[in-house]
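Before any comments, here is the structure.
Along the sequence shown, the residues carry numbers beginning at 1. Given the structure is predicted, the values throughout are model-derived calculations rather than measurements.
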Amino acid sequence: MNPTDTLTTRTALDRAWWKEAVVYQIYPKSFNDATGDGIGDLRGIERRVDYLDDLGVDAVWLCPVYESPQADNGYDISDYRSIHDAYGDMDDWRRLLDALHERDIRLIMDLVVNHTSDEHEWFQRSRRRDGTFEDYYIWRDGDGGDPPNNWESMFGGSAWTYDEVRGQWFLHLFDEKQPDLNWRNPDVRNSVYEMIEWWLSQGIDGFRMDVINLISKAAGLPDGAEGEGLTGAEHFINGPNVHKYLREMHDEVLSDESLLTVGETPGVCVDDARQYVGPDGDGLSMVFQFEHVTFDFDEHKWDAGDWSLVELKEIISEWQDGLADDGWNSIYLNNHDQPRMVSRFGDDGVYREASAKLLGTLTHTLHGTPFVYQGEELGMTNASFASPDELRDVEAVNFVEEALEQSDVESYDDVRDAIEYIGRDNARTPMQWSDAPHAGFTDGEPWLDCNTNYEAVNVEHARATKDSVWHYYRDLIDLRHEHDVLVYGSFDLLLPEDPAIFAYTRTLGDERGLVVLNFEAGPVEFTVPDGVSLDGLELAIANTDVPKRPRPSFELGPYEARVYLTS
Ligand code: TEU
């Protein structure tokens, strides 16, 4: 492409660095421990910046590192402007930022403003009705001895807790140590905006915005309909003022278009998402939607299990089409709240490596920004939790406790499968760096045990092995950087009803791509559908040895993935 062409395309394509980027998510508690206390830290991350650079990622999303009593691993913030002791201090943070920026890796911080910790000064003052802080949170009188309404917390039980100091109940959509901020109060909003500005002035490149579509609650906090799902959700998911607040936030502090802003938005559909994303929405770069990671739930997440590829394809292509023109997608199959993708959507046994590569091929060749969760590039798998004492996640611990109170659950063994399938600790076991004790994550005792497979699945081994998942990810990331069609090309699903094959084309002017993925543990036959031209297509990447040129029909081995591109 000559420079003029690039320029023309640039304007036409509405380019942005964050559309072309691959983002790597770091869960600091589990990434790398430099101090030997068993907890990951900022210095530990800094030591691995070259690792990230070698992998080729463009940005890091750092989960919360702020001061926090850690009731929910840092999603309960007690001071937005300082660093949690076990992670280091602001000097360590600045060194990390510099180390990343020196390698052209951007840094996205986690913005948790639906709630704070109950140990935050704002809450401490609010519960004492101290001046302007009195209405910083959502306080109500109860109904006799009962909570003000029937809303349920995402982590189980009522969403209300009675506070003896104030003599009123406060709302917490998550743990009782995470009281919800009162966004109706303009002082709250201004305090949040000041904090955002302060972080931007430190030189960061954007925010991942925790449960940002929950910040507005229905006026009068009416009872929720009881039945399926979380009671009350219809009164706080995409609440009445959410767009007003986000627009205001955008105009006040987030209007710089070079920022990456990704809103975490549980419960949104494509139409809702359009209102959050892009210039005609609230100006967010993209959202994390949940449809493709909740479609296997029954009444709640702990019933998750069966899923079908046809349905997964339907959901993914609906999002691909829905945000194709006036929005942008985030692409992820796992994160710190979801089980490991290879255990959920692939095969973590014999086909672990093949299926990890297959899923990586999917996330790096869809239309949207891929998010790689730490360890995904090794094909890390779900863990085993033989006893509830091994669990650390507040959600899992509460679930086990509540389940054991029910008559049909006799022991932990009755719920163990659910924990090991969908529990959040699966994703939070320490990053596996080597076959040294505790996977080289710490010299001390890790806060959460390592997955026992670390002797075989680790960075050192993966980097030394030519055909490892790690090297394949590196190639995928390079491929995406080299081919505009993989970033900006339109997406067309092929064979929507095929139960085993996920296939699609990408098209950008004369540039074309064909992606064919076999989600079965056995061989399947693929026939190129009518209307899809194979002219000029050549193999760009595959997870097994295959000929350079595609035939009109070919057999795919178990979990085989192929990407063909015009050269
Ligand atoms: O998660 C919010 C959220 O809705 C889910 O991902 C949630 O963890 C899951 O549905 C529970 O089953 C965000 C954070 O990513 C999560 O780690 C926090 O615990 C939560 O918000 C509260 O801040």
Side-chain angles (χ1 to χ4, degrees), residues 72 75 112-115 135 137-143 146-161 169-176 178-185 188-189 209-249 263-277 281-282 284 287-304 311 314-315 318-319 322-323 327 337-338 395 398-399 402 422:
D72 186 19
Y75 283 94
V112 187
V113 290
N114 174 68
H115 45 267
D135 291 325
Y137 294 83
I138 302 176
W139 296 100
R140 291 289 182 278
D141 292 327
D143 182 4
D146 294 330
N149 70 24
N150 65 356
W151 295 5
E152 286 173 339
S153 148
M154 304 258 186
F155 293 159
S158 168
W160 295 91
T161 291
W169 299 73
F170 64 89
L171 179 73
H172 54 89
L173 296 183
F174 293 88
D175 189 59
E176 61 180 359
Q178 295 169 293
D180 281 50
L181 283 164
N182 174 18
W183 275 74
R184 283 181 188 269
N185 181 346
V188 166
R189 306 208 294 275
M209 305 155 96
D210 193 60
V211 289
I212 204 66
N213 65 325
L214 306 188
I215 58 178
S216 165
K217 281 81 179 173
L221 310 177
D223 273 338
E226 287 178 30
E228 279 195 12
L230 196 74
T231 306
E234 70 275 28
H235 298 305
F236 53 76
I237 291 188
N238 309 323
N241 295 320
V242 67
H243 299 295
K244 175 182 151 197
Y245 301 152
L246 284 181
R247 256 287 142 203
E248 182 181 89
M249 184 193 289
E264 189 209 24
T265 53
V268 300
C269 63
V270 182
D271 284 340
D272 300 326
R274 283 202 204 93
Q275 299 179 47
Y276 289 96
V277 176
D282 302 326
L284 300 188
V287 294
F288 287 130
Q289 58 90 11
F290 281 66
E291 292 193 329
H292 69 302
V293 289
T294 51
F295 74 107
D296 56 346
F297 291 8
D298 194 359
E299 246 179 68
H300 53 70
K301 71 178 264 175
W302 303 107
D303 300 329
E311 205 180 336
E314 198 182 310
I315 294 167
E318 201 190 329
W319 281 87
L323 294 182
D337 293 331
Q338 301 293 331
E395 182 189 45
N398 288 356
F399 163 65
E402 274 179 32
I422 201 89

Does the side chain of Y75 pick up a donor-acceptor pair with the side chain of D175 at under 3.5 Å? no
Provide the closest heavy-atom pair for S216 versus Y245 in the form atom of the first, atom of the second, distance. CB-CE1, 3.8 Å
Over all heavy atoms of both residues, which pair between P147 and W160 is shortest? Give the atoms and the distance, please. CB-CB, 3.7 Å
Mind telling me whether F399 and W302 have parallel, tilted or perpendicular rings, with 30° and 60° as the class edges? parallel
Any idea how H115 and F174 line up, ring-wise: parallel (<30°), tilted (30 to 60°), or perpendicular (>60°)? tilted
Tell me, do N149 and R140 make a side-chain contact under 4.5 Å, heavy atoms counted? no
With salt bridge (Lys or Arg N to Asp or Glu O under 4.0 Å) as the rule and sequence neighbours excluded, what pairs involving residues 225-242 come up? none
Evaluation steps, side-chain contact (heavy atoms from CB on, under 4.5 Å), between H292 and W319: CA-CA 10 Å; H292 69 302; W319 281 87; over 6 Å; no
Name all residues meeting the side chain to side chain donor-acceptor pair (under 3.5 Å) criterion together with W139; count only those two or more places apart in sequence or in a different chain, and write none if there are none. S126
Does a donor on one side chain sit under 3.5 Å from an acceptor on the other, for N213 and N238? yes
Over all heavy atoms of both residues, which pair between D210 and V112 is shortest? Give the atoms and the distance, please. OD2-CG1, 3.6 Å
Closest heavy-atom contact between L214 and I237? CD2-CG1, 3.7 Å
Could you list the residues that satisfy side chain to side chain donor-acceptor pair (under 3.5 Å) with S153, not counting sequence neighbours? none
Taking all heavy atoms of D180 and all of H172, pick out the closest pair and write down the distance. OD1-CA, 3.3 Å
Compare every heavy atom of N114 with every heavy atom of V211, then report the nearest pair and how far apart it is. CG2-CB, 3.8 Å
Pairwise distance NZ(K244) to CH2(W183) - rounded to 0.5 angstrom: 11.5 Å
